[in-house]
Asks: 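If you scroll down you'll find the structure; I have some questions about it.
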Amino acid sequence: MVTLMQVKSEEKKASLPQKSNFSEWYNEILLTGEIMDVRYPVKGLYVWFPFGFDVRKRTYAIMRELLDRDHKEALFPLLIPETEFMKEAEHIKGFENEVYWVTHGGTSELDIKLALRPTSETAIYPMYRVWVRSHADLPIKIYQIVNTFRYETKHTRPLIRLREITSFKEAHTVHCTWDEAAEQVKEAVHIYQEFYRRLAIPTIVSKRPDWDKFPGADYTMAVDTLMPDGKTLQIGTAHHLGTNFAKTFDIKYEDLNGEQQYAHQTCYGISERSIAALISVHGDDKGLVLPPEVAPVQVVIIPVLFGKSEEITEACRSVALRLKTKGLRVELDESDERPGAKYYKWEMKGTPLRLEIGPRDLKNNAVTVVRRDTGSRETVPFDSIEYEVENKFGDITRNLFEKAERSLNERITRCGTLEEVKHAISEGIAGIPWCKERECGLAMEEAVGAGILGIPEGELGLGSGICPVCKKETLSMAIMAKTY
RNA sequence: GGGGUUGUAGGGUAGCCUGGUCCAUCCUAUGGCGUUCGGGACGCCGUGACCUGAGUUCAAAUCUCAGCAACCCCA
């Protein structure tokens, strides 16, 4: 009898593979956690479930909140004429193998093919040419949240490597000087760090090596995080475009002296990879774990009924109403299931707090509160439930961030040799001295079979050592990792 | 870029090698009714599938080819 029970419970648990088997866990949780339906019959295209879309909506609301401080949201067309798309040589080289083309209108062939935007520089900058007249028009800071298309030839993966990126937030700014644009790149990185801090996701910022920058940029700053399987995920980039695009798209302003000057530009983007990170960094063997700010349901109330239990139902409804009045997203689960089944269900969905109200609680004039992030269970007075819940939200986000940060730091290894790097990158990120020379960097990548993310900002990028290739002394530390 | 494996109810699987036993197995899910309810309840009655196309054959879930899709490994 006991063994039968054990077998049965193992079968149930097997509905979500363990997180230690990250690849399977990831694929499965998207479906079971109702984030995305991966069964759409076109490679690299996936469907947002309503629940997942809700998480997305709340995540992007944070993004909008941060950008709306001094950006304007706009919307540019999906289709870009070939004539505009083909203007910037570097840019074309970077994207030409990934572009979807619209070649026909109905049955007639188009005179000028139309590209489905893989990113929107070439859609936006012809308009910037028209909009920018004088230094008084600058800076311009515009963003849009759109879908983009890239014909990925590598293995596609939901939320991570897509043929349709459904949630591309791209900002495009125009400035008078190179330095102002550089300042904007810094500002963009700060915004992204704040964004990820709100999602309780720790990040590493680094300047990408020259061979890995955005096609057409002077340089690229990138925000990475570490996934459970030890690979890094690039979850945000900011590019200094210099005057490269201004020259090809003829974006000029009249300066204080009445002279025509090329404008300096930046662009920076974040995609639904942010959601991939959110799910992967916090989730566990039981399912999603969501920070309260983005959880579609923040509090679930489970009545524990015995016999005729109208009092319990009453108490649950009253608590639900009180919490809703406080503006919280509350769900009272009155479905006809046993409490245990409901616990599993809401844990899978990452609901930050679960309240249980049963006869015992009623007798003690109390509510049982269970945290999703720690599993801790405590009893709090019925009358102070609002206070207790709101208080715990802060604790949960803080705990999620600290836990994730600890886990990230534990998997960063400072190395002295490429052999050590090889070993370190099977677990996470390796730090290694690097002279910053291109040939040495490429040799290092070749030798260990992983990428150089760049020289990270902060302490991580400092330290003296010897470049493993040219053996010169250097003060900069690069980080290397297997990447998505 | 190269190689491999796979495609059967909403999900996971058995059957395929050796064509006919299969209007297809088991678990789960799901609809109805009743009894239940402090960590995945139980009973009864129901629902639901052979990826697409072509070929071989008296006969195809099973064999062949192509397409689409998924997964894994290497670079």
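Only heavy atoms go into these numbers, but all of them, side chains included; no hydrogens, no water, no symmetry mates. Quick note on labels: first sequence line is chain A, next is B, and so on, each numbered from 1.
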Asks: Using Watson-Crick or G-U wobble geometry with both distances under 3.5 Å, which nucleotide pairs with B:A14?
Replies: none

Asks: Are B:G39 and A:Tyr343 stacked, with the base six-membered ring and the side-chain ring centres under 5.5 Å apart and planes under 30°?
Replies: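 No, the aromatic ring of A:Tyr343 does not stack with the base.
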
Asks: Would the base of B:G11 count as contacting A:Thr32 through its side chain, where contact means a donor and an acceptor less than 3.5 Å apart?
Replies: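 Counting by modelled atom types and ignoring angles, no donor-acceptor contact under 3.5 Å is found here.
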
Asks: Under 4.0 angstrom, heavy atoms only, what part of the nucleic acid is A:Pro359 near: base, sugar-phosphate, or nothing?
Replies: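 A:Pro359: base contact, heavy atoms under 4.0 Å.
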
Asks: Below 3.5 Å between N/O atoms, which protein atoms pair up with nucleotides 3-9 of chain B? Just atom names and distances, please.
Replies:
none

Asks: What does the B/S/- profile of nucleotides 70-75 of chain B look like, 5' to 3', with a 4.0 Å heavy-atom cutoff to protein?
Replies: SSS---

Asks: Taking atom P of B:C42 as reference, at what distance in whole Å does atom CG of A:Asp336 sit?
Replies: 14 Å

Asks: Is the base of B:G10 touched by the side chain of A:Arg39 through a donor-acceptor pair closer than 3.5 angstrom?
Replies: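 For A:Arg39, whose side chain was compared with the base of B:G10, there is no donor-acceptor pair (under 3.5 Å).
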
Asks: Report yes if at least one side-chain N or O of A:Thr153 is closer than 4.0 Å to OP1 or OP2 of B:G1; otherwise report no.
Replies: yes

Asks: Determine whether the aromatic ring centres of A:Tyr151 and A:Tyr100 lie less than 6.0 Å apart.
Replies: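 Distance test on ring centres: under 6.0 Å, yes.
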
Asks: Could you please name the partner base of B:U6, counting Watson-Crick and G-U wobble pairs only when both distances are under 3.5 Å?
Replies: B:A69

Asks: Quick one: does NZ or CZ of A:Arg56 land under 6.0 Å from the six-membered ring centre of A:Tyr60, within 45 degrees of the ring axis?
Replies: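 Here A:Arg56 passes the 6.0 Å and 45° test against A:Tyr60.
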
Asks: Hunt down the Watson-Crick or G-U wobble partner of B:U30, both distances under 3.5 Å, from any strand shown, or write none.
Replies: B:G46

